[in-house]
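Beneath this line is the structure, given in structure tokens, with notes to follow.
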Amino acid sequence: MIPRVRKAKYVKDFVIRIYFTDDVEGEINFEGDLEGEIFEPLRDTSYFTKFVVHPELHTLTWPNGADFAPEYLYQKVKRAA
């Protein structure tokens, strides 16, 4: 089963609370994950907050095309629990 992000809410700084369709939820601090050219704009918190839950990919995406695999997000939430 591929996890699906149902909803996400900005918390603060680089932290987003993510809700999955199987009722797993938790906060992820993305500060250490923003490496590489595609993620560079996300280091500005005003841009970082422009994420959406993509209706087909079921993960977080940003206007510049940056995204994280839903499996990666799910593992991060489960490890933090």
Side-chain angles (χ1 to χ4, degrees):
M1 175 199 98
I2 296 175
R4 293 175 166 223
V5 175
R6 172 174 53 89
K7 177 171 75 168
K9 292 183 178 180
Y10 177 72
V11 177
K12 66 177 181 176
D13 301 324
F14 297 101
V15 178
I16 298 174
R17 183 162 195 83
I18 300 176
Y19 304 81
F20 291 91
T21 56
D22 67 352
D23 295 327
V24 170
E25 66 180 78
E27 293 182 359
I28 298 175
N29 184 340
F30 288 90
E31 190 168 16
D33 296 308
L34 305 179
E35 300 290 330
E37 187 176 331
I38 192 77
F39 295 110
E40 191 65 33
L42 279 63
R43 292 178 167 269
D44 176 350
T45 54
S46 65
Y47 191 82
F48 180 79
T49 62
K50 295 182 180 189
F51 65 87
V52 296
V53 175
H54 192 283
E56 294 173 7
L57 301 176
H58 306 286
T59 194
L60 302 181
T61 61
W62 282 264
N64 70 339
D67 66 16
F68 289 94
E71 300 90 343
Y72 177 73
L73 300 177
Y74 195 81
Q75 288 176 350
K76 286 190 72 98
V77 166
K78 294 290 270 186
R79 273 187 261 149

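This chain uses plain numbering: 1 for the first residue, then up along the sequence. Keep in mind it's a predicted model, so treat the numbers as computed, not measured.
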Should [X] and [Y] count as side-chain neighbours, where that means a heavy-atom distance under 4.5 Å?
{"X": "Leu42", "Y": "Phe30", "value": "no"}
{"X": "Ile28", "Y": "Ile16", "value": "no"}
{"X": "Arg43", "Y": "Glu35", "value": "yes"}

Quick check for you: to the nearest 0.5 Å, what is the distance between [X] atom [atom1] and [Y] atom [atom2]?
{"X": "Trp62", "Y": "His54", "atom1": "CH2", "atom2": "NE2", "answer": "13.0 Å"}
{"X": "Ile2", "Y": "Thr59", "atom1": "CD1", "atom2": "OG1", "answer": "11.0 Å"}
{"X": "Asp22", "Y": "Tyr19", "atom1": "CG", "atom2": "OH", "answer": "14.0 Å"}
{"X": "Arg4", "Y": "Glu56", "atom1": "CZ", "atom2": "CD", "answer": "10.5 Å"}
{"X": "Asp23", "Y": "Arg6", "atom1": "CG", "atom2": "CZ", "answer": "6.0 Å"}
{"X": "Lys7", "Y": "Thr21", "atom1": "NZ", "atom2": "OG1", "answer": "13.0 Å"}

Heavy-atom donor-acceptor pair, [X] side chain to [Y] backbone, under 3.5 Å:
{"X": "Asp13", "Y": "Val15", "value": "no"}
{"X": "Tyr74", "Y": "Phe20", "value": "no"}
{"X": "Arg17", "Y": "Val11", "value": "no"}

#### Entry: Evaluation steps, side-chain contact (heavy atoms from CB on, under 4.5 Å), between Val24 and Lys78
CA-CA 8 Å; Val24 170; Lys78 294 290 270 186; 4.0 Å; yes

### Query
Linking I/L/V/M/F/W/Y whenever any side-chain heavy atoms sit under 4.5 Å apart, do Leu34 and Tyr10 land together?
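Yes, because Leu34 and Tyr10 connect within a single hydrophobic cluster, where side-chain heavy atoms sit under 4.5 Å apart.
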
### Query
With Leu60, which of Val52, Val53, Asp67 fulfils side chain to side chain contact (heavy atoms under 4.5 Å, CB included)?
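Running side chain to side chain contact (heavy atoms under 4.5 Å, CB included) over Val52, Val53, Asp67 with Leu60 returns exactly one hit, Val53.
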
Nearest atoms (heavy-atom pairs only) where [X] meets [Y]:
{"X": "Thr61", "Y": "Leu57", "answer": "CG2-CD1, 4.3 Å"}
{"X": "Pro70", "Y": "Pro3", "answer": "CB-O, 3.2 Å"}
{"X": "Ala66", "Y": "Asn64", "answer": "N-OD1, 3.1 Å"}

#### Entry: Pair Phe68 + Phe39: ring centers closer than 6.0 Å
yes

### Query
In terms of side-chain geometry, is the basic nitrogen of Glu27 or Lys76 positioned less than 4.0 Å from the acidic oxygen of its partner?
no

